[in-house]
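When a ligand or atom number is given, it counts from 1 through the structure's own listing order. Everything numeric in this text was worked out from a predicted model, so none of it was measured.
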Amino acid sequence: MKICVMPGDGIGPEIVEQGLNVLNVIGEKFGHTFETEEVLIGGAAIDAKGVPLPDETVEACKAADAVLLGAVGGPKWDTIDPSIRPERGLLGIRKALGLFANLRPASLFPQLKDACFLRPDIVEKGIDVMVVRELTGGIYFGEPKGEGEKDGQKYGFNTMVYYEEEIRRIAKIAFETARKRKKRVCSVDKANVLDVSRVWRAIVIEVSKEYPDVELTHLYVDNAAMQLVRDPSQFDVIVTGNLFGDILSDEASVITGSIGMLPSASVGAANPGIFEPIHGSAPDIAGEDKANPLATILSIAMMLRYAFNLDKEAECIEAAVEKTLSSGLRTGDIMDEGGTLVGCKAMGEAVIKNL
Ligand code: IPM
Ligand code: MG
C-alpha cells in the first residue's frame, strides 16, 4: 500500500511523524507493508520551489493509494501573492484529485466530557455528527472572482455556484453515509436568500426520493450554527456546500472538546483520498512539541478504513486512542482537571503502547 505523505507547515511535520509511527506499528502487528513517500505542499513547497503545489506533488499523489496530509499555512506566507498562498496548494490538490466529498466526523469521547464547552445536560445527550462537506465547488472555486477598483473604491468578489451534478453526487454520499448511521440527513443552505441554495435544496430533495429509508430535513445555515451548540444530539449527517461546511465543521469539532481531536477524509470517484486532521497548522506552537497528534492518528484510522478496507486495524487505533485518553494523558488543548499534561511525542508513544 503506497501512501503519499505531505507534512506541510507549522505543526504538520510533528503530528504526521506520530501518525506514521502508529501506522508502522499497525503494519508490523497485522502484517502489512506501507510504503511512504514524502512530498512538498503549502509553505514548505513555496520555500523550496516557489509554488504551493509543485507538479511532482500532484503526480506522486495520483500514483499513491492514499494521501496523508498534516496542515498548511502560517504567518510567514500571509503577505505573499494570494495566487500562490499555501492554502492554494491544499485547494489545488483537492481539485486535482477530484475529491468532492469531505467527511468530517465530530463525536464526543466520553473521556473528554470535561473538556467540552457545552452545559453538562447538553453533553449528556451525546454528540455524534458527520459533516459531509462539498469540497471542490461552491464559492471556493466559482468564477468570476477577483479584485478591482471602481469609482475610487476597491472591491472584491467571488461567485457561489453549484451545478446539479455537483449537488447530486454529494447528496448521494450523504444519504449513503446516513444509511450506515442513524438514517438522518440535514441539508444546510441559505435558501431564504441565495438562488444557489434554492437549487441546492431542490436537487437534494430530488435525490432523497432514492432514499425513502433516510429522513431528510433542511436548515438555514444561521439556524444550523445555533442548533449545533444548542442541541447537537439532534444531528446525524449534515450535508452542505463548501463554505458553510468549512465553518460548521470547525464548530462541530470544537464542541466535542477540541479541534485537535478530529480527523477527516476527502474522497472522490477515482483518485486516492486525502486523510488529514481538520485543524490548521497552529504556527504559534509549531516545533514546541505541544501539538495534539490524535486527530492525525485518527485520520490514519480513517485511511485504513476508507482507502484500504482495513476495519480491524482502524478499530485497533481508535481503541488505543480511547485507552490513552482514559489513562488521563492530555495535550494542552484537551487538558482538564486531573489530567496529565504531555507533549506531542509522548502522546504518540502512549498510543503506540496501547495499540
Ligand atoms: C479546512 C481549511 C481549508 C479550507 C483552508 C486551509 C484552505 O480551513 O480544510 O477546513 O478552507 O478548506
Ligand atoms: Mg476549515
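- Atom 11 (O) of ligand 1 has its closest protein heavy atom at Tyr140 OH, 2.5 Å.
- Taking a 4.0 Å cut-off on heavy atoms, Ile278 fails to register as neighbouring ligand 1.
- Shown are Asn242, Asp246, Asn158; of these, the side chain to side chain donor-acceptor pair (under 3.5 Å) with Tyr140 is made only by Asp246.
- The nearest protein atom to atom 6 (C) of ligand 1, hydrogens excluded, is given as Glu87 CG, 3.7 Å; this is a heavy-atom distance.
- Heavy atoms of Arg133 found under 4.0 angstrom from ligand 1 belong exclusively to the side chain.
- Judged by distance alone, the side chains of Asp47 and Trp77 do bring a donor and an acceptor atom under 3.5 Å apart.
- Of all the N, O or S atoms in Asp246, the one closest to the Mg ion (ligand 2) is OD1.
- Distances between N or O atoms of Asp246 and those of ligand 1 include at least one value under 3.5 Å.
- The residue among Arg104, Arg85, Arg94 with a heavy atom at the shortest distance from atom 12 (O) of ligand 1 is Arg94.
- Side chain to side chain, Ser258 and Asp333 meet the donor-acceptor criterion of an N or O pair below 3.5 Å.
- The aromatic rings of Phe175 and Tyr211 lie parallel to each other, their planes meeting at an angle below 30°, with 60° marking the opposite boundary.
- Between the side chain of Asp65 and the backbone N or O of Lys2, at least one donor-acceptor pair lies under 3.5 Å.
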Would you sort out whether Glu165 and Arg168 count as a salt bridge (charged side-chain N to carboxylate O under 4.0 Å, His left out), showing the intermediate values?
CA-CA 5 Å; Glu165 218 22 69; Arg168 210 176 284 287; 3.6 Å; yes
